Amino acid sequence: MKFTGSIGVSDTVTLTLPDSSAVSARKGETLYEVVGKIGASLQKAALAARLDGEPVDLSLKAERDAAFEVITFDSPGGRDLFWHSASHLMAQAVKRRYPDAKFAIGPAIEGGFYYDIDMKAALSPEDLQGIEAEMEKIVGEDLEVRREEMGREEAIALFDGAGEIYKVEMLEEMPGDSVSIYRQGEFFDLCRGPHVMRTSMLGAFKLLSIAGAYWRGDEKRKMLQRIYGIAFPDRKRLEAHLAIIEEARKRDHRKLGRELDLFSFSNEVGAGLPLWHPHGAVLRYIIERFSTEEHLKRGYRLFSVPHIAKADLYRTSGHLDFYSDNMYSPIRIDEQDYYLKPMNCPSQIQIFTSSIRSYRDLPYRGFEMGTVYRYERSGVLHGLTRVRGFTQDDAHIFCSEDQIEDEIRNVLDFTLYMLDVFGFSERNIYLSTRPEKSVGSDAGWDLATSALKNTLDSGGIGYTVDPGEGVFYGPKIDIKIKDALGREWQCSTIQVDFNLPERFDINFIGRDGAKHRPIMIHRALLGSLERFIGILIEHYGGKFPVWLAPVQVMLINVSEQEAAAAGGVRQRLLDAGLRTEIDGRDESMGYRVRDAIGRRVPYIAVIGKKEIEEGTVSLRKRGENSSKPVSVDDLIGMILADQEAKR
RNA sequence: GCCCACGUAGCUCAGUCGGUAGAGCAUUUGCAUGGUAAGCAAAAGGUCACCAGUUCAAUUCUGGUCGUGGGCUCCA
């Protein structure tokens, strides 16, 4: 069988396959043929073409009958192939330096690759350099990467002989009789492939961090050492990638939170308990106010409930049985146990049941900025995005069964509207189904799950199913958005619940005069203010749109002679509802302008002699490096208009 | 909670192979009265996270606690 085609630097590569389909790659791209599915001579030819840039005749005999693919770094699956090859390279280097190392799994992931390793020596960050040096050496050795197929038993014997207990465990659980391994030099690994053809193709790499990871992700099993890394075909792309990571770090909300004086944590107050400083608190207030108003516009009623409640409430709700791991120890008051509330629902339900409800009251939508306290293990706390006390924009909708889908649709629209307003257009939607630890009948769960699913389907909204990720009382739709470093965070959640109405014996009087059981929809759109603001800070890199900016206008009086005038302008702006500060410090103007720019203030207004005479300010907008005179009235009008434009 | 790393001035970080510490920025004061990304000078500021242990002596070594970072597990 023959492949025909040619590879050349001045050409597009086209390879005609036996079934007469053709594949092609643009010139200058590196080719990674699928090792094992292509003959060795063809591999060599392709490699030679890459190395020498000379046209090569590919009218070569295949050693094996098979279709093959041309994969470049940027083609689908190319990165995975490349990164997985890099993880083999890393494993080989580790093995050379630490002969007792045993390997678990080493896949490509979204931003690179890792390998989980079991070995005696505890790696520290400095050790990574040594491993990198060894990797460079192996790249220089230009080892051929060869695929071998063998029987499963044979493979077990091979890995068992090498002491690779994790590979043996994986092999024993694998279906099928035959497996593939990849060899490069003295190193071999169990692997499905594909890989690059030679180690020299792994142009540029960097080991990023080491971390602990449980074998099989099970916290009861052994903790292995995981090394994370990234690789690219050339140095330039690696540098560019590292620069992006560095750029993202600058937007980290924990860093910006300090720089912009938005929030802090105090050792005295406790881990995971954020303290909102004036600029952060006002940002939070703006979001709360906006959210509350939007809820009122949509027919929600306001709720407000206390931060603690008696144990019985959480016994009835099931929280003590299903959620106690996340609840704090009780507080003893007059011989009774009280708990800090981990969720708002049980308390809010008491408002619904405080009087007899009619079908005319449904859907009954109750909204609250509800603060909850949840125990989070110390190691999971993370800035504002994972805390122990947080405020949810929480609402519970009590409705009849035939209202569910409409209500879900409303909530979904509302959610997407809110995310849009805050500029989050990139989001991933998940449908989470019944978890192991849960209450209620299968029928209820099915009904609730299909209600969510139908709404998504009929809205043509793409989503991923997250099996077993629902809450103990019901399934949910989760919407996740990303932080600066690409980590996904769950914010919005919409949950359908047949169980709490049952447990609390919630009723409404139907048209027929009989009692009926409502269904509850739990939902939080922004999720928690803390997490949401954390991501918001990163999303905007601290450059909040005008309507959110903690300080909208910074007034700078040129000298002390203009201090009174600046005070007068400030009052006019404050009267118009604009958040305005004066920097009247005894510093040079350049210094104060620079400072205001550093604070990402959207409008910097300078007042000097000239401006006082003309009744103007000298306005410099964020992102511009020139200023122009504007009357105070025009300034107010301009800011109000920008504020109205939201995004 | 687990693995690894870390904790020095408000911030960013030096430093002490065991003899109680330094810079820049920020702060305060004085001078300069400034026109759009750092004016000049001086001062003040630290139980070297906390608690034990070893030692003549601990910020430095050991252990524990608290906290932080990267992950794992878990989650808004």
Side-chain angles (χ1 to χ4, degrees), chain A residues 114 116 122-128 208-228 249 252 254-255 258-259 261 264-272 323 325-326 342-343 370 372 374-388 390-394 432 469 471 476 478-481 485 487 489-493 495 522-532 534-535 554 556-562 585-598 604-611 618-620 624-628:
Chain A
Y114 67 79
D116 283 349
L123 289 172
S124 70
E126 299 83 68
D127 298 326
L128 295 182
L208 298 172
S209 64
I210 55 175
Y214 299 105
W215 167 232
R216 295 262 151 115
D218 182 346
E219 62 178 317
K220 293 190 182 61
R221 303 191 70 166
K222 182 154 188 167
M223 177 148 297
L224 310 171
Q225 302 191 61
R226 175 174 296 179
I227 306 177
Y228 285 93
R249 272 187 220 292
D252 190 310
R254 293 164 299 184
K255 187 170 152 65
R258 191 168 45 239
E259 286 173 11
D261 199 21
S264 68
F265 292 90
S266 153
N267 235 324
E268 326 300 316
V269 175
Y323 207 71
D325 287 353
N326 289 288
M343 288 191 193
V372 295
R374 298 182 186 173
Y375 172 70
E376 298 290 351
R377 303 209 266 183
S378 58
V380 309
L381 299 175
H382 182 93
L384 289 178
T385 46
R386 194 72 184 274
V387 294
R388 285 180 169 159
F390 55 95
T391 301
Q392 296 177 302
D393 59 333
D394 203 4
S432 301
E469 291 301 310
V471 208
K476 58 178 182 170
D478 283 331
I479 301 174
K480 299 184 184 181
I481 54 183
L485 295 170
R487 291 179 285 217
W489 291 97
Q490 181 183 331
C491 290
S492 320
T493 184
Q495 310 166 354
H522 308 241
R523 34 112 296 176
L525 309 186
L526 307 179
S528 83
L529 287 175
E530 286 73 11
R531 177 175 291 180
F532 190 77
I535 300 168
M554 181 63 80
I556 295 174
N557 46 316
V558 174
S559 75
E560 269 170 42
Q561 288 161 21
E562 294 89 16
R585 283 181 297 175
D586 204 4
E587 295 286 353
S588 72
M589 265 200 56
Y591 179 90
R592 286 176 287 163
V593 167
R594 183 187 155 87
D595 198 59
I597 291 169
I604 298 170
V606 171
I607 298 174
K609 274 203 199 79
K610 201 174 106 209
E611 285 76 18
S618 168
L619 180 69
R620 175 175 173 147
E624 295 177 2
N625 47 20
S626 61
S627 58
K628 58 175 186 220

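These numbers come from a predicted model, not from an experiment. Order of the sequence lines fixes the chain letters, A, B, ..., with proteins taken first and strands second; residue numbering starts at 1 for each chain.
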- Query: Does the side chain of A:Y214 pick up a donor-acceptor pair with the side chain of A:R216 at under 3.5 Å?
  - Reply: no
- Message: Tell me whether the ring of A:F390 lies stacked over the B:rA76 base, given a 5.5 Å limit on centroids and a 30° limit on the plane angle.
- Response: yes
- Is the base of B:rU73 touched by the side chain of A:R377 through a donor-acceptor pair closer than 3.5 angstrom? yes
- Who does B:rG1 pair with, Watson-Crick or G-U, both distances under 3.5 Å? B:rC72
- Touch class at under 4.0 angstrom, heavy-atom based, for A:L208 against every strand present: nothing
- Does any donor-acceptor pair link the side chain of A:E611 with the base of B:rG35 at a separation under 3.5 Å? yes
- Under 3.5 Å donor-acceptor pair, A:R386 side-chain atoms to B:rC74 base atoms: yes
- Message: I'd like to know if A:Q495 reaches the base of B:rA76 with its side chain, counting only an N/O donor and acceptor under 3.5 Å.
- Response: no
- Task: Check whether the side chain of A:D586 and the base of B:rA32 form a donor-acceptor pair under 3.5 Å.
- Result: yes
- Query: Would you say the side-chain atoms of A:E268 and A:S266 include a donor-acceptor pair closer than 3.5 Å?
  - Reply: no
- Is there a donor and acceptor pair closer than 3.5 Å between the side chain of A:R620 and the base of B:rA37? yes
- Item | A:R531 vs A:L224, nearer the 5' end of RNA chain B by closest nucleotide | A:L224
- Heavy-atom distance under 4.5 Å between the side chains of A:R585 and A:D595, does that happen here? yes
- Message: Please report the distance separating the C1' of B:rU20 from the corresponding atom of B:rU16, rounded so that it comes out in whole Å.
- Response: 10 Å
- Message: Any base atoms under 4.0 Å from A:K476, or only sugar-phosphate, or nothing? Heavy atoms, all strands.
- Response: sugar-phosphate
- Message: Please determine whether any donor N or O and acceptor N or O are separated by less than 3.5 Å between the side chain of A:Y214 and the base of B:rG1.
- Response: yes
